[in-house]
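Indexing begins at 1, ligand by ligand and atom by atom, following the structure's order.
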Amino acid sequence: MADDVLQMPLQYLKGVGPRKAADLKKAGLNTVEDLLFRFPRRYEDRSRLQNIISLKPGQTAAISGVVLNAGLAHTRRPGFRLFSALIQDDSGQVQAVWPNQAFLKDVIRSQQRIVLFGKVEIWGSRGLQITDPEFEIIADEPKPSSPQPGPQRGNRAGVEVLKPASDTIHTGRIVPVYERTGSVTPNMQRRFVWQALEQLAQEPFDPVPADILAEQQWPSRRDALCKAHFPDSDTSVDALNAFTTPAQRRLIFEDFFVFQTGLALRRHENAQVKKTLVSKVDDRIRQCARAVLPFKLTAGQRDALAEVVADLQKPWPMQRLLQGDVGAGKTIVALLAAVVAMENGFQVAVMAPTEILAEQHFRTIVKVLDGKPYRTALLSGRVTAATRRDLLPAIERGDINLVVGTHALVQETVKFKSLALAVIDEQHRFGVVQRGTLAAKGLNPDVLVMTATPIPRTLALTECGDMEVSVIRGLPPGRKPIKTIVKADSRRDEAYAVMRDEVAKGRQVYVIYPLVEESEKIDLRAATAMAAELTLVFPEYRVALLHGRMKGDEKENVMRAFLAGALQILVSTTVVEVGVDVANATVMVIEHAERFGLSQLHQLRGRIGRGEHASTCILLYQAPWSDDARARLKAMSDTSDGFVIAERDLQLRGPGDFFGTRQSGLPTLRAGDLTRDVDLLERAFEEARKRVDAGTLTAVQQDYVRSVWQRQFGLITVG
Ligand code: ADP
Ligand code: MG
């Protein structure tokens, strides 16, 4: 059966021993299917064989000829060995050299017919050479009279297309070039893929619905796999390298479609769940919500709130992602939804990724709900055992209406009487997996996830495709734009000058240090030293240090002092990333800005520009900086639109790193690329949802998707 071939472990392929199988496994390649869905990194046209006489320096060319002589050449560099071979075709001769590959003396021998592909270079006074070419030995003992597979004489262009022999796989055709995986070279992988395709004699089950295949005129699954690796000779190499041939696009779509169908099934099953705590909304409740509102909502906030409140009234649990730029005002939207749930007599849990943020949310919530009849509690790691002993039963009795905490809230033994709404802040650090925890505890509350910074649309579709998405566009009125300056560390005096001006006007300053886990101690020392230096530079002002290793109440004291304006300069590690909200802070200096990710920089910058005063963000970098770092900092000074920054970040980092692979439940997609194949992803998303909701997928199709999810994404279950 063809499907059995696809699921065959790679060590059953000829030439894949335990060592190679282990290396392939490390690269995520376990089965034949994995191998076939790992596209080449690029394609090279080696089908056009050139006359040796027509070679020009600088070209990359394919030639075919006979080896006249071959051997290891002497060089003056000790330890350096050069293997060289003289190749001849009907038009002339050329030297081919392979640096440091002495083993070739046992591979390439005189009288072999060989095809080479490589770079043509000038070789001193002796003419041209081809350096380190890829090669394929066509035959060991050529009959001298047999026609060369090369070009004919008299061809004026000196170039002719060779009809590739069906069994040359490395040359004489459009050739796939793979990433090297451990001990498996690109050439070996090419052979393995070829072998796998030979074994795939029958058409395997095709998860792409037939009507889509017909509409797009896409090839069958088997055909597409063959053509994506060993394209027909008339295929455009440019199209191949852009991954836009029908065969490639079909496979990319398949990849997305199967994944999206899994998400859609999950979403569909979720909508079958009956929730016990369904909110109602009437004029009295609307009035209560209005009563807590400290300002007029923006249009974006109103729309998002309407979507959330509609979900609260539905019979199945909400799964909604609330997106908005830093400072867009997501908190109040969540809080108003909380008021609706509480007015219905239900409980609400608000969860944040860090204690500092949980405490900050708690303060905000207490302030907004001041004088209202809701009982709120903070359940952080810092509450005393005694308080905890009182709180837990009160929550279980339903005496507490709203609980704020870290995500430990759902993981530990907190029991609720009637938890109707769970607000989860900062999606970055929660990920798909943690979201499952609530359900695992037998709870089916409405879930509202708020992101720290915008997520690119394509990632929202993959990471959160089983959720509904609300987007708050724009910022509340009256925000002053933030000026962003990129400066070399050597010019920090200029940063100090800006700080001095602002502090003199009564404003406050953040100085941010990166805290990378591997070098946590060193960075902490650097931050501590900087706080000491700034105390000397600004003797007339108060400088303090804030970092994650401090005890909770120390942190709390520093933050309170900064909030109260008693501190002018706060030197901090990234704990303020999600933390403090101080409208009077107008300057942020980010040290080692080159070390931060783009979204993180944006998130940090969002801590200023929150008040009525104009703000400045200074990004200090330490030379030398990488091209990537340069691109990141440029993006920061180019725009302050979080949605634009998120897209740039995705392009620069790739999807795996966007959320930070460790925290993310994001399964790796095989063939698809979230920045390149956006249109296919959108289509797959729509088709999958449409077909799942309409119930038009066959049982076989659904089973197939479930089995793929099981295999590939293991811990996540579908439906
Ligand atoms: P984020 O979306 O980053 O979580 P917040 O909810 O913390 O943003 O809101 C940022 C700031 O903007 C807060 O100080 C909040 O009080 C204020 N804010 C939110 N919405 C409005 C609004 N409609 N009008 C005025 N200020 C607002
Ligand atoms: Mg927030």
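- Taking a cut-off of under 4.0 Å to the non-hydrogen atoms of Val326, the atoms of ligand 1 that pass are 3 (O).
- Within the model, atoms CD of Gln568 and CZ of Arg542 stand 8.0 Å from one another, a figure rounded to the nearest 0.5 Å.
- For the residue pair Asp325/His602, the side-chain donor-acceptor check at 3.5 Å is satisfied.
- For the pair Ile332 and ligand 1, the shortest N or O to N or O distance does not fall below 3.5 Å.
- Heavy atoms of Arg479 approach ligand 1 to within less than 4.0 angstrom.
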Please table the atom pairs, donor to acceptor, closer than 3.5 Å between any side-chain atom in residues 306-315 and protein atoms at least two apart or in another chain.
residue : atom : partner : partner atom : Å
Glu307  : OE1  : Ser470  : OG           : 2.5
Asp311  : OD1  : Lys314  : NZ           : 3.0
Asp311  : OD2  : Arg320  : NE           : 2.7
Asp311  : OD2  : Arg320  : NH2          : 3.2
Gln313  : NE2  : Val309  : O            : 3.0

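- Near Gln301, meaning under 4.0 Å from any of its heavy atoms, are these atoms of ligand 1: 19 (C), 20 (N), 21 (C), 22 (C), 23 (N).
- Glu396 and Lys417 are not joined by a salt bridge, as no carboxylate oxygen comes within less than 4.0 angstrom of a charged side-chain nitrogen.
- Short contacts between ligand 1 and Thr298, defined as distances under 4.0 Å to a heavy atom of the residue, involve ligand atoms 23 (N).
- Each of the following atoms of ligand 1 lies closer than 4.0 Å to a heavy atom of Lys296: 22 (C), 23 (N), 24 (N).
- Contacts with ligand 1 closer than 4.0 Å are made by no heavy atom of Thr364, backbone or side chain.
- Relative to the six-membered ring of Tyr621, Arg595 misses at least one condition, a distance below 6.0 Å or an angle of at most 45° to the axis.
- If you check each of Gly324, Gly606, Gly329 against atom 8 (O) of ligand 1, the one with the closest non-hydrogen atom is Gly329.
- Judged as a salt bridge (Lys or Arg N to Asp or Glu O under 4.0 Å), the pairs with a partner in residues 335-346 (not counting sequence neighbours) are, in order, Arg284-Glu343.
- In Ile472, neither the side chain nor the backbone holds a heavy atom less than 4.0 Å from any atom of ligand 1.
- Between Phe562 and Tyr510, the ring centre distance stays below 6.0 Å.
- Closest heavy-atom approach to atom 5 (P) of ligand 1 among the candidates Leu475, Thr331, Leu322, Val582: Thr331.
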